[in-house]
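What you see below is based on every heavy atom in this structure, not just the backbone, and it leaves out hydrogens, waters and symmetry mates. Order of the sequence lines fixes the chain letters, A, B, ..., with proteins taken first and strands second; residue numbering starts at 1 for each chain.
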Amino acid sequence: MPPENDIPAAVVAGRGRTLAPEQTLLSVRGLKKVYETDGGDIEAVRDLTFDLGRNELTCLVGPSGSGKTTLLKCIAGLLDPTEGEVVLDGRRVTGPPKKMAVVFQEYGRSLFPWLRVADNVELPLKNAGVPKARRAELVAEALESVGLAHVPRSYPWQLSGGMQQRVAIARAIAYQPEMLLMDEPFAAVDAQTRADLEDLVRQVRERLGVTVLFVTHDIDESVYLASRVIILSSSPTVIQEDLVIDLPDQRDQLETRALPRFTELRHHVYEQIQLAKRGFRPDDARVG
Amino acid sequence: MPPENDIPAAVVAGRGRTLAPEQTLLSVRGLKKVYETDGGDIEAVRDLTFDLGRNELTCLVGPSGSGKTTLLKCIAGLLDPTEGEVVLDGRRVTGPPKKMAVVFQEYGRSLFPWLRVADNVELPLKNAGVPKARRAELVAEALESVGLAHVPRSYPWQLSGGMQQRVAIARAIAYQPEMLLMDEPFAAVDAQTRADLEDLVRQVRERLGVTVLFVTHDIDESVYLASRVIILSSSPTVIQEDLVIDLPDQRDQLETRALPRFTELRHHVYEQIQLAKRGFRPDDARVG
Amino acid sequence: ACSSGSPSGPAETETAPAAEGGGDLTPITVGLLAIAPAAAVQYGIDEGIFEEHGLDVTVQMAQGGAAMLPAVSTGQYDFGVGNPLSVLTAASQGVDVRIASGYSFSLAEGDDINAVVARAGEGIESWSDLEGKKVSVNAVKTQGDLTIDEAVEQDGGDPSAVEYIEVAFPDALAQLDGGNVDAVWIPEPFLSAALADPDTYTVVGHPNQETIPGLPTMVTFTSGAVGEDAELLEAWRGAVSETLAAATEDREGFGQTISEFTGMPEAAAADLRLERLDAELDPQLIADLSDLAQKFEFLTSAPDLETVILD
Amino acid sequence: MRRSLIGLAYALGLPLILIAIWWIASLGATSIFVPKPVPLVSQFFEVWIGDRLLTDVLPSLGRFLAGTAIAIVLGVLIGLGVGLSRALRAFTEPVFEFFRAIPPPVLIPVFALVIGIGDDMRIAVIAFGAIWPVILNTIEGVRAADDVQTETSRSYGIHGLGRVRYQVLPSAAPQILAGVRQSLPIGIILMVISEMLYASSGLGFSIIQLQRSFAVPQMWSGILLLGLLGYAVSLLFKLVERRVLRWYHGLKELQNAS
Amino acid sequence: MTSPAPHDTITRTVAVAQARRRRRRFRPRRLLLGLAGILTFLLIWEIASRTGAVNPTYLPPASEVLVTFGANAALTGTWVAVGQTLWSWALGMLLALVLAVPLGIVIGLSPFLSRATRSTVEFLRPIPSVALIPLAVLAFAVPLQQSLLIITYGAFWQIFIQVLYGVADVDAVAMSTARSYGFSWWQRVRDVVFPTMLPYLLTGFRLAAAVALILAITAELVIGTPGVGKQAGLAKDAGLYASTYALVLLTGLLGVVINLGVRTAERRLLSWHQSVRGES
Ligand SMILES: Nc1ncnc2c1ncn2[C@@H]1O[C@H](COP(=O)(O)OP(=O)(O)OP(=O)(O)O)[C@@H](O)[C@H]1O
Ligand SMILES: Nc1ncnc2c1ncn2[C@@H]1O[C@H](COP(=O)(O)OP(=O)(O)OP(=O)(O)O)[C@@H](O)[C@H]1O
Ligand SMILES: [Mg+2]
Ligand SMILES: [Mg+2]
């Protein structure tokens, strides 16, 4: 089933968009990941190819189990791909790269509960040998920018879920990455906080010029946030569609979401995911 | 700040709608709840009055900490109100009433992990002395209606979150309550499952003629689900608004949500909650 | 295909309670320690001597005098066989125990059955050489260290400078070899083992002979209540007296019983040098012991010997 | 104010009732084996405050401290090493299981053979007995390091010693301290037992001695002293643990409240 | 073997079970490594003794001890001693269980009783059970009774405290659920409290089993209650050093067997609980 009405299709079916080297920050080429388990091999990701441009905010959506987390971990250098490669800024990723930060869904487990908020944000800098004065500066700035300048001495677990997730974001910001990976970071926070955090992510990208790859389950969220949405097929995963979000750059929780174009895009992504869930795959389409 | 445009206001500011006795299943009158703690008294709920009609599906929304859970527990007879009373079907509630079932947010903790799915659903019936044959029938029916007829012998923790929550709902259905209380039951399940469960709740209400009081954080959800939304002020709590949802009775995840009226209602509830969060209270309005 | 025997030594025969008592025997329970002289009671039972005196004896093995005394005082056991100093200590603390008869005595002259032994050639030759040294005894604050203290003092040494360490008799020579202690107080049969090797060990002296020659090493005791029962007491004393005499007489048969009773190899039991066994008790010896114990503050108050020693 | 009074009433109520019952019940008792509250307390000071404090109590405490300190330090080091390597874990597991299962008192005769019967032996016995809970809990704690935390560390380039210091040790700390808590009473028990065999001084020795000389109230006061000691050690540990694991208790309280 | 933190036990049991299942993959390798560990240990022992690094009189080589161990296994005395040790262990455990479980449930379920007994429990619990040895000796004439007092006291607290934890761990939401469905008091105890408490009880039992064995052997060594511990002391006094070590080995194996036995029983008793099934 080809994409319908006025939504532009991916450049090549089953492939994400690729860019010229000078625009590209991250390239994923022919990525495949097979988990070896007791019960046999599980092919989580079959063949992914796409590029992320500098300062882009890309959302990754797809059915549960489609390998979004797997892909992110491969990019973060936390997992070795079975085939293919990930190239960051011209260098091939083999371990966790320096200028990359990851925000995990499980904020409760990703923050160190024995460290206070400021210490949590500071730890990666300390470990990287950043001088003390500079560290203090970066931490203060980062906490300021997520609106948590008032609680540096609290422990993470004394904060609400949304605040905890903001600490994790502050930690990532303070680390000054060029690339920020976020794996369903807002899945467990309430709707109101979620809206605030969404706007925070957009702000951060703008102000710091960071490139963001954002995994989410939530279709509305992906359309609202991204300048581009990559839709994954169900497992073993290929790219179902690589969709440009042609909404105005200034977004607003109420207004943007009320735009007819928003509803259209939302609807389109929803249908694509329903397709993916039902097992439709772009290569099937090409054959069929 | 009075409610705007074409949304009808509550009958009396600060009060919920009341009904004639013959239509009413549940009456809450002047309910007040003060928690006595080491750190002093906390007035969670100040003064709530409203009625629920038979077979209505009412949503309760309000800022975090506004006392939604407290109110629900008072209605369920799990907490004694400090003042005021709850009357179910003409009888005053003093302990957990027979024909009421509660579905908690924490499905993981509300299901008994040492019992299999079917046993979990069966246990309340067993303790209530329902004969074995009848029990088996009710359990099978309930599991069927939540689409879990295929996993009666599994343990709850072997199921996904959404499935677990469906078990909790099945348990409530099998118990054949006249009144079903649900406290943020879908807060922790993913968006797709959530949509399915929402439709399930609407179905159950229709088929079984049960009255539902549904607490949620999610504004979209409240508008989509309910025939009526009660918005609570922030703590100490009174009713901020009692809103009739005049959407068509047949609802659909994509179409209903795309209706302009839906967006309007959504927008309205959103603003009311923002107001509530900023501390606006209906009685202030009356005075100011 | 299990062979009998235990991993800690040769066969250990469970001491069976006395055979079915016939007629109108008085049933009594006697607490014994698993040491050679105590086997005499068993010998007397086996020989039917107690039965002749109208007593049907059940033997209870106890782990030490300290456990036996309370049992006797509260009537769980009717009689016990143990060292007199413990009895005096208990009595002075208000435990209701009475000495019923003599039992065994160290030898008043010649080679005594216990001695202090040191490593040869290390310069510990006289009592006063023990000053500042570690000496092992089987239990602190009993007859061993009491008589050694007195011997050291008589020799012009300072008894408070002797450090006593508790080491079980069988282990004592090994600890002496290992250099963990400087001298050991040991009874037979360990003493003979040491004497057989004069190149390694040297005897410092016999502390009992040094202080109270012929010191009673064990007595039989009972509670005040049983002590009132003149008939029973008479029967007991008669039986013990006869038993001890018979055991002394029949050295070979007694050796057999010792071997069975303690698990000691038969040959060793046959060669064992024994204390003097006698039911007669010279109250003066107890008085001397009491005085000595008070002198070294082993006893904090004087026991009333009139009541403690039954006549 | 009222609250703290109620708290006090709860804390003291039952103990006072029990002591009263004891006191009344022992009023008429004549047997010297029945302890009485008043002589017990007076004996307590008489027996333990004085020479015995220097010759018995303090040396005992010293051995206890030395033994458990060795156990804790070695235990954590070994536990860290073994916990971080799956292969080492498999390699040592059966041997550790076996050693842990040996009731430590039975080692006293053996240690007496190999080490002698001095203080080293007692300290070694205490250390040997107390080390297993520390080792095993440290291993478990290290092994249970949260995946997400580990991935966070890795993604921020925290590895090697830095990871041990910043992530592994703190996250295993609750479990390690749980091990320490188990090892302390074992240390006290072994302190006492090691003084009951081959001894010439110490708390355990004194108490056995008092029992043998039928100084019953004094012996009871010794039992009381051991009780107080155990109580004090557990109290002290709690204080230390509360400080070190403030974050952990805060976290737990919060979780339990919800 | 910590006292499980409240609330997340079940979840954690599941996680542990899953972790174990994951570990199973390495079974053959693990087994080999474990065997290698044992052999290495024995080898070091053998060498230490043979080279005289440790006086071989006092530390006979492993091979000699193992041979003695085998020889001992053929002696009835060994088995009698094992039987005596296990008998006092079992009796002590039984007594502790019978006392601790009902008391723990009753006290744990009543906020008033828990509060009122807390200070007393906090004081009595850390009293080292060996402190009671002299008391036991004076109070009872029969060695077995002396042992039992000490064993029961030590084991009691382990079980009692775990039962308290277990009762305290009953989930508030689970309890609310039960109440909202109108369960009676007894139904709540049976259907909610008991299943929640059971894993804790079994943990307590396992901890108590280890403590009880230690105390049984201690009593044998110090008081002289017949059993393996006494045999070990006697063997050493008699200079049978290889036999001493063999007996120490035996106590260790006894400990391992008891531990395994209790773990198996734990799995049996919780077999209704799927979360435990992965554990093997
Ligand atoms: N460690 C692992 N071992 C084996 N299989 C795994 C592992 N992690 C993930 N998988 C499998 O790989 C597939 C993709 O998993 P992944 O977690 O990447 O999906 P996802 O898109 O992130 O899903 P979700 O939306 O639920 O988070 C799934 O089939 C999953 O079962
Ligand atoms: N057991 C309690 N003891 C003391 N205060 C309580 C207790 N439970 C709730 N409260 C307080 O009562 C108020 C209302 O709490 P409640 O849980 O009913 O709010 P809620 O609307 O359900 O919040 P949320 O949306 O976060 O679930 C809050 O201020 C809360 O701190
Ligand atoms: Mg994922
Ligand atoms: Mg709530």
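- Comparing D:Gly157, D:Pro170, D:Ser153 by heavy-atom pairs within less than 4.5 Å of chain A, the highest count is held by D:Pro170.
- Here A:Pro96 is the residue among A:Ala168, A:Pro97, A:Pro96 with the most heavy-atom pairs under 4.5 Å with chain D.
- The pair A:Glu137-A:Arg134 meets the salt-bridge criterion, since a charged nitrogen lies less than 4.0 angstrom from a carboxylate oxygen.
- For the set A:Lys126, A:Arg116, A:Lys73, A:Gln105, the entry with the most heavy-atom pairs within less than 4.5 Å of chain D is A:Lys73.
- We find that A:Lys32 and A:Glu43 are joined by a salt bridge, their nearest charged nitrogen and carboxylate oxygen being less than 4.0 Å apart.
- Heavy-atom pairs under 4.5 Å with chain D were tallied for A:Met100, A:Gln158, A:Arg171, A:Glu106; the largest tally goes to A:Arg171.
- Ranking A:Asn127, A:Leu123, A:Leu125 against chain D, the residue ahead of the rest is A:Asn127, based on heavy-atom pairs under 4.5 Å.
- Using a 4.5 Å cut-off between heavy atoms, A:Leu115 makes no contact with chain D at all.
- With respect to A:Asp89 and A:Arg54, a salt bridge is recorded, a charged nitrogen being found less than 4.0 Å from a carboxylate O.
- No donor-acceptor distance shorter than 3.5 angstrom exists from the side chain of A:Thr24 to the backbone of A:Ser27, with no hydrogens or angles considered.
- For D:Ser171, the parts lying near chain A are the backbone and the side chain together; criterion is any non-hydrogen pair under 4.5 Å.
- Aromatic ring centroids of A:Phe186 and A:Phe214 lie under 6.0 Å apart.
- Contacts of A:Lys98 with chain D are absent, with no heavy-atom separation under 4.5 Å from either backbone or side chain.
- D:Arg163 and D:Gln167 share a donor-acceptor pair across their side chains, judged by distance under 3.5 Å alone.
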